[in-house]
Amino acid sequence: MTVVEDELSLVFSALADPTRRAILERLAHGEATVNELAEPFAMTQQAVSKHLKVLERARLISRTRTAQSRPCVLDTEHLDVAAGWIARHRQIWADRHDRLDAHLTALRNQDEETTR
């Protein structure tokens, strides 16, 4: 497995959880502390911190230092890499679908000609 694929696995794994996606949505509006991120969830601050560690490991967020607090900040670079991977593969899948559709149409036309 290449490094890029391993990084993609971390990103997709992090994005698989709805809580982590909600945290990323919140951070898209600006930096936030753990307490601020924990507010809308019915879970402990420790549980939110575990989600943040997963997001940090996937390099989707980073933590800065502001006086005594360490607010979290969205890091879009790895999201862009994942989006690029999806876009490339979407085109490959679309091309395969188009070829399959053309093949099935040809088979149907051939079948219609033989039944006439």
Side-chain angles (χ1 to χ4, degrees):
M1 183 181 299
T2 66
V3 173
V4 172
E5 289 172 350
D6 191 43
E7 289 177 2
L8 282 173
S9 295
L10 289 172
V11 170
F12 289 132
S13 178
L15 293 173
D17 186 275
T19 301
R20 291 192 285 269
R21 290 192 305 270
I23 289 170
L24 291 176
E25 282 186 45
R26 165 54 185 88
L27 291 174
H29 299 288
E31 68 180 33
T33 64
V34 176
N35 287 335
E36 292 169 335
L37 292 170
E39 282 176 11
F41 301 107
M43 62 177 66
T44 64
Q45 181 181 350
Q46 290 83 3
V48 171
S49 290
K50 287 182 182 181
H51 284 294
L52 294 176
K53 285 180 185 174
V54 172
L55 292 169
E56 274 186 295
R57 191 167 8 113
R59 296 178 16 191
L60 296 173
I61 66 167
S62 60
R63 294 188 192 202
T64 60
R65 281 217 186 269
T66 305
Q68 296 297 322
S69 67
R70 292 193 57 205
C72 299
V73 178
L74 181 64
D75 184 351
T76 61
E77 181 181 342
H78 285 86
L79 282 174
D80 293 341
V81 169
W85 185 92
I86 290 169
R88 283 190 306 280
H89 286 81
R90 176 183 286 156
Q91 187 59 50
I92 291 168
W93 299 324
D95 291 345
R96 288 180 182 171
H97 179 267
D98 291 345
R99 286 195 308 270
L100 177 61
D101 190 41
H103 178 70
L104 292 174
T105 300
L107 287 176
R108 273 189 237 112
N109 291 341
Q110 188 178 37
D111 190 42
E112 288 174 5
E113 288 177 12
T114 59
T115 58
R116 288 185 190 168

Spatial distance of atom CZ (Phe12) from atom CD (Glu7) [nearest 0.5 Å] | 12.0 Å
Arg70 side chain vs Thr33 backbone, donor-acceptor pair below 3.5 Å = no
Nearest 0.5 Å, what's the CG-CG distance between Leu37 and Leu55?
-> 9.5 Å
Give a yes or no on whether the backbone of Lys53 and the side-chain of Arg57 come within a donor-acceptor separation of less than 3.5 Å.
-> no
Leu60: which of Asp75, Ile23, Val11 passes side-chain contact (heavy atoms from CB on, under 4.5 Å) | Val11
Return yes when atom NE2 of His103 has more than 12 non-hydrogen atoms of other residues, nucleotides or ligands closer than 6.0 Å, and no otherwise.
-> no
Nearest heavy-atom approach of His29 to Glu25 is CD2-O, 3.2 Å
Is any side-chain heavy atom of Met43 closer than 4.5 Å to a side-chain heavy atom of Thr19?
-> yes
Non-hydrogen side-chain atoms of His51 and Asp17 separated by less than 4.5 Å = yes
Nearest 0.5 Å, what's the OG1-CD1 distance between Thr76 and Ile61?
-> 13.5 Å
Identified side-chain contact (heavy atoms from CB on, under 4.5 Å) counterpart of Leu15 within the set Val54, Leu10, Leu79 | Leu79
Here the gap from Glu36 atom CD to Cys72 atom SG, rounded to the nearest 0.5 Å, amounts to 9.5 Å
Do the side chain of Arg20 and the main chain of Ala14 share a donor and acceptor less than 3.5 angstrom apart?
-> yes
Rounded to the nearest 0.5 Å, how far apart are CG of Leu52 and OG of Ser62?
-> 11.5 Å
Should Leu100 and Leu107 be counted in the same cluster of Ile, Leu, Val, Met, Phe, Trp and Tyr side chains packed under 4.5 Å apart?
-> yes
Going by an N to O cut-off under 4.0 Å, is there a salt bridge joining Glu77 and Arg59?
-> no
Linking I/L/V/M/F/W/Y whenever any side-chain heavy atoms sit under 4.5 Å apart, do Val73 and Leu24 land together?
-> no
